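Contents: one structure, followed by commentary.
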Amino acid sequence: RPGLALCAGCGGRIQDPFLLRVSPDLEWHVACLKCAECGQPLDETCTCFLRDGKAYCKRDYSRLFGIKCAQCRASFSSSDLVMRARDHVYHLECFRCAACGRQLLPGDQFCLRERDLLCRADHGPPHDGPTARGPRSP
């Protein structure tokens, strides 16, 4: 189809003998398919990601759009083990009590307040029942 396709990068007609196809319907001049962030050429030797009509290399796509740790805000690698609390995701080493710094392990009871994780010792007993209404009696 050279000569009929329009390049998704520059908008020009692709008359080259070779073109790069990304996704089922986007075609590019070989020279136009570059990471929108770092400019790295994206060819058949590297992974290409699309977002809002722009192409990204794997590193920049992950950095810009990937899930980030709720504690350190760094991206995850595919080999990272993670801990989850509601809709937050954490590196194992970041899954710590905000008050005492103790690492929380699978099975530990904890409380999530905003982004802060609190171990059972630091969030105390549940606040329901008679003690929630007033001071404790001796």
Side-chain angles (χ1 to χ4, degrees):
R1 291 186 26 192
L4 300 176
L6 294 180
C7 177
C10 71
R13 202 173 280 286
I14 301 175
Q15 297 182 0
D16 305 350
F18 300 102
L19 57 84
L20 294 174
R21 180 170 291 137
V22 179
S23 193
D25 58 349
L26 294 177
E27 298 166 323
W28 305 70
H29 290 110
V30 173
C32 290
L33 188 56
K34 298 180 200 168
C35 175
E37 190 70 13
C38 71
Q40 172 188 349
L42 302 171
D43 56 21
E44 67 278 352
T45 64
C46 59
T47 306
C48 175
F49 295 86
L50 290 178
R51 175 108 176 206
D52 300 327
K54 295 180 181 177
Y56 296 92
C57 65
K58 183 176 183 176
R59 186 186 73 242
D60 286 328
Y61 186 87
S62 177
R63 181 178 57 82
L64 294 169
F65 308 111
I67 296 172
K68 304 216 177 10
C69 175
Q71 180 61 37
C72 72
R73 305 301 300 151
S75 297
F76 296 99
S77 73
S78 60
S79 62
D80 285 340
L81 296 175
V82 300
M83 296 290 281
R84 295 178 184 273
R86 291 195 193 120
D87 58 344
H88 301 290
V89 183
Y90 300 83
H91 293 105
L92 287 181
E93 60 274 9
C94 295
F95 200 68
R96 298 179 173 277
C97 175
C100 69
R102 183 174 74 81
Q103 186 170 14
L104 300 168
L105 302 172
D108 286 349
Q109 291 184 355
F110 65 91
C111 172
L112 180 63
R113 291 191 188 139
E114 302 292 321
R115 285 190 185 271
D116 290 337
L117 294 165
L118 298 171
C119 67
R120 177 149 178 92
D122 287 317
H123 77 75
H127 294 290
D128 54 33
T131 57
R133 283 180 285 212
R136 294 183 191 173
S137 61

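Here the structure is a predicted model, which means the values were calculated and not measured.
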Find out if a path of hydrophobic residues (ILVMFWY) with successive side-chain heavy-atom gaps under 4.5 Å connects [X] to [Y].
X: Phe110; Y: Leu81; answer: yes
X: Leu50; Y: Val30; answer: yes
X: Ile67; Y: Val82; answer: yes

Roughly how far, to the nearest 0.5 Å, is the [atom2] atom of [Y] from the [atom1] atom of [X]?
X: Leu104; Y: Leu92; atom1: CG; atom2: CG; answer: 11.0 Å
X: Lys54; Y: Cys35; atom1: NZ; atom2: SG; answer: 10.5 Å
X: Met83; Y: Cys94; atom1: CE; atom2: SG; answer: 12.0 Å
X: Arg113; Y: His123; atom1: CZ; atom2: NE2; answer: 7.5 Å

Salt bridge or not for Asp60 and Arg63, using N-O below 4.0 Å?
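Salt bridge flag = yes for Arg63 with Asp60.
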
With no hydrogens and no angle check, is any side-chain donor or acceptor of Arg96 less than 3.5 Å from a backbone partner on Gly101?
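Such a contact is found between Arg96 side chain and Gly101 backbone.
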
For Asp80 and Ser77, indicate whether the former's side chain and the latter's backbone hold a donor-acceptor pair under 3.5 Å.
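Flag set: sc Asp80 to bb Ser77 pair under 3.5 Å.
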
Arg73, CZ: over 12 other non-hydrogen atoms inside 6.0 angstrom:
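Yes - once you tally the heavy atoms of other residues, nucleotides and ligands closer than 6.0 Å, there are more than 12.
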
Looking at Lys58, I'd like to know if its NZ atom is crowded, meaning that more than 12 non-hydrogen atoms belonging to other residues, nucleotides or ligands lie closer than 6.0 Å.
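Open: at most 12 neighbouring heavy atoms sit under 6.0 Å from NZ of Lys58.
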
Testing the basics here: between [X] and [Y], what is the closest heavy-atom pair and its distance to 0.1 Å?
X: Lys34; Y: Leu42; value: C-CD1, 3.6 Å
X: Ser62; Y: Ser75; value: O-OG, 3.4 Å
X: Leu112; Y: Ala85; value: CD2-O, 3.8 Å
X: Cys100; Y: Cys97; value: N-SG, 3.5 Å
X: Leu20; Y: Leu33; value: CD1-CD2, 3.7 Å

Could you tell me which residues satisfy ring pair (Phe, Tyr, Trp, His ring centres under 6.0 Å) with Phe49, sequence neighbours excluded, listed by chain and number?
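Applying ring pair (Phe, Tyr, Trp, His ring centres under 6.0 Å) to Phe49 gives Tyr61.
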
For Asp108, the option from Gln103, Arg102, Arg120 that meets side chain to side chain donor-acceptor pair (under 3.5 Å)
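Among the candidates, only Arg102 passes.
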
Centroid-to-centroid, Phe76 to His91, below 6.0 Å?
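Ring centres of His91 and Phe76 closer than 6.0 Å.
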
Could you identify which residues cluster with Leu6, counting Ile, Leu, Val, Met, Phe, Trp and Tyr as linked when any side-chain heavy atoms lie under 4.5 Å apart, either directly or through a chain of such contacts?
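In the cluster with Leu6 there is nothing else; it is isolated.
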
Go through Arg59 and Glu37 one step at a time and tell me if the salt bridge (Lys or Arg N to Asp or Glu O under 4.0 Å) criterion holds.
CA-CA 10 Å; Arg59 186 186 73 242; Glu37 190 70 13; over 6 Å; no

With side chain to side chain contact (heavy atoms under 4.5 Å, CB included) as the test, would you mind laying out the steps for Cys57 and Cys46 before giving the verdict?
CA-CA 8 Å; Cys57 65; Cys46 59; over 6 Å; no

